[in-house]
Amino acid sequence: MLNELGIPYGRKSMTIKPPRGEFSRRDYLRGVIDADGSVGYTGQGLPFVSLTTASTAVGAYLCHFAKKVTGAERTIKRNARDGIYNILYTKKPAMELAAHLYYDGCLGLERKKAKAVEIRSWVRPVDMRIAPPRRRWTPKDDETLLRLNDPAAAGIALDRTEQSCAMRLWRLRTGRV
């Protein structure tokens, strides 16, 4: 039965994926966070929700779900040390995700439910800046940047900072994108 829902036989860390068919998405992800994630505060006192997983399907699913709930976009990439994904949400997205996953009366680990309730009350310090949403680079942006071959001119043409253009140009030239 569990195998038919997407849980494979044997080692599961790389091959497990969300169930097929109808299921409660937030309850499923809460179980995944309870098993392989964390809920709490960073060393700087910021609320966070994180997941460590080897499964591309589970990592991508969390990112897709969290974007719908919080609007926060994440792109997953395996880390170089051990080839796993470390997905992190902090501040307001963490609060929203925790509140959605750990709703009143849900089934979950008590310590994580308690932390989820705790981080709901976090208030952004007045002097903490709010970063603007990131603009993704498009193939057309890359083409313009390479054609101009000048970060200052590209910054004006693309309405980006010179530093951003210089970094992207370096990444394109060194094959890091």
Side-chain angles (χ1 to χ4, degrees), residues 1-8 12-42 44-79 82-125 128-142 158-160 164 168 177:
M1 172 73 176
L2 289 176
N3 186 253
E4 293 169 11
L5 293 173
I7 298 177
K12 296 162 184 50
S13 61
M14 302 262 312
T15 57
I16 194 164
K17 56 188 177 220
R20 295 181 293 269
E22 289 298 313
F23 67 100
S24 171
R25 282 140 176 57
R26 71 180 177 171
D27 292 337
Y28 171 78
L29 282 172
R30 186 180 57 258
V32 171
I33 299 288
D34 273 357
D36 294 324
S38 296
V39 179
Y41 287 97
T42 66
Q44 293 80 31
L46 303 174
F48 79 93
V49 174
S50 70
L51 175 65
T52 301
T53 183
S55 168
T56 301
V58 171
Y61 191 76
L62 172 63
C63 293
H64 176 75
F65 181 86
K67 184 173 183 197
K68 282 185 170 182
V69 171
T70 70
E73 189 171 346
R74 296 291 182 273
T75 304
I76 61 173
K77 182 179 175 188
R78 291 188 186 276
N79 70 25
D82 49 13
I84 61 169
Y85 301 106
N86 294 303
I87 305 161
L88 176 67
Y89 295 89
T90 60
K91 302 175 192 163
K92 188 176 179 196
M95 292 172 58
E96 292 171 345
L97 186 58
H100 190 76
L101 293 175
Y102 292 90
Y103 55 89
D104 290 337
C106 72
L107 178 63
L109 293 178
E110 288 304 320
R111 63 186 166 82
K112 291 191 181 179
K113 286 170 43 175
K115 282 292 182 188
V117 168
E118 220 179 285
I119 69 174
R120 285 186 207 166
S121 62
W122 180 77
V123 177
R124 174 185 291 277
M128 181 182 279
R129 78 177 192 93
I130 298 174
R134 291 186 178 179
R135 274 183 38 212
R136 300 279 179 206
W137 286 88
T138 66
K140 188 170 175 60
D141 292 342
D142 289 342
L158 297 171
D159 192 27
R160 292 182 179 267
S164 172
R168 183 64 175 188
V177 285

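Positions are given from 1 along the sequence. All values below come from the heavy atoms of this structure, side chains included, with hydrogens, waters and symmetry mates left out.
The minimum heavy-atom distance linking Ile76 with Cys63 is given by the pair CG2-SG, 3.3 Å. Taking all atoms of both residues into account, the shortest heavy-atom contact from Ser50 to Leu88 is CB-CD1, 3.9 Å. When all heavy atoms of Arg78 and Gly83 are compared, the pair lying nearest together is NH1-O, 2.7 Å. Across all their heavy atoms, Trp122 and Gly45 have their closest contact at NE1-O, 3.5 Å. Across every non-hydrogen atom of Lys91 and Leu46, the tightest pair is CE-CD1, 3.9 Å.
Although no hydrogens or angles enter the test, the distance criterion places no donor-acceptor pair under 3.5 Å between the side chain of Arg120 and the main chain of Ala98. Looking at Tyr61, its side chain never comes within 3.5 Å of a backbone N or O of Arg25 through a donor-acceptor pair.
No side-chain heavy atom of Val32 sits less than 4.5 Å from a side-chain heavy atom of Thr53. Taking 4.5 Å as the limit, some side-chain heavy atom of Leu29 sits within range of a side-chain heavy atom of Leu62.
For Ala72, the side-chain contact (heavy atoms from CB on, under 4.5 Å) criterion is met by Thr70, Arg74, Tyr89, Pro93, not counting sequence neighbours. Residues satisfying the ring pair (Phe, Tyr, Trp, His ring centres under 6.0 Å) criterion with Phe65, sequence neighbours excluded, are His100. Shown here are the side-chain contact (heavy atoms from CB on, under 4.5 Å) partners of Thr138, two or more places apart in sequence or in another chain: Lys140, Asp141. Arg135 meets the side-chain contact (heavy atoms from CB on, under 4.5 Å) test with Asp159, Arg160; sequence neighbours excluded. Residues satisfying the side-chain contact (heavy atoms from CB on, under 4.5 Å) criterion with Asp36, sequence neighbours excluded, are Leu51.
Each of Val39, Val117, Ile119 was checked for a side-chain contact (heavy atoms from CB on, under 4.5 Å) with Tyr102, and the lone residue meeting it is Val39. Shown are Thr56, Thr52, Asn79; of these, the side-chain contact (heavy atoms from CB on, under 4.5 Å) with Tyr85 is made only by Thr56.
For the pair Arg26 and Tyr28, the cation does not sit on the ring face, since its NZ or CZ is not both under 6.0 Å from the ring centre and inside 45° of the axis.
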Donor-acceptor list for residues 109-116 side chains, cut-off 3.5 Å, not counting sequence neighbours:
unit_1 : atom_1 : unit_2 : atom_2 : d
Glu110 : OE2    : Lys113 : NZ     : 3.3
Lys112 : NZ     : Ile33  : O      : 2.9
Lys112 : NZ     : Asp34  : O      : 2.9
Lys112 : NZ     : Gly37  : O      : 2.6
Lys113 : NZ     : Cys106 : O      : 2.9

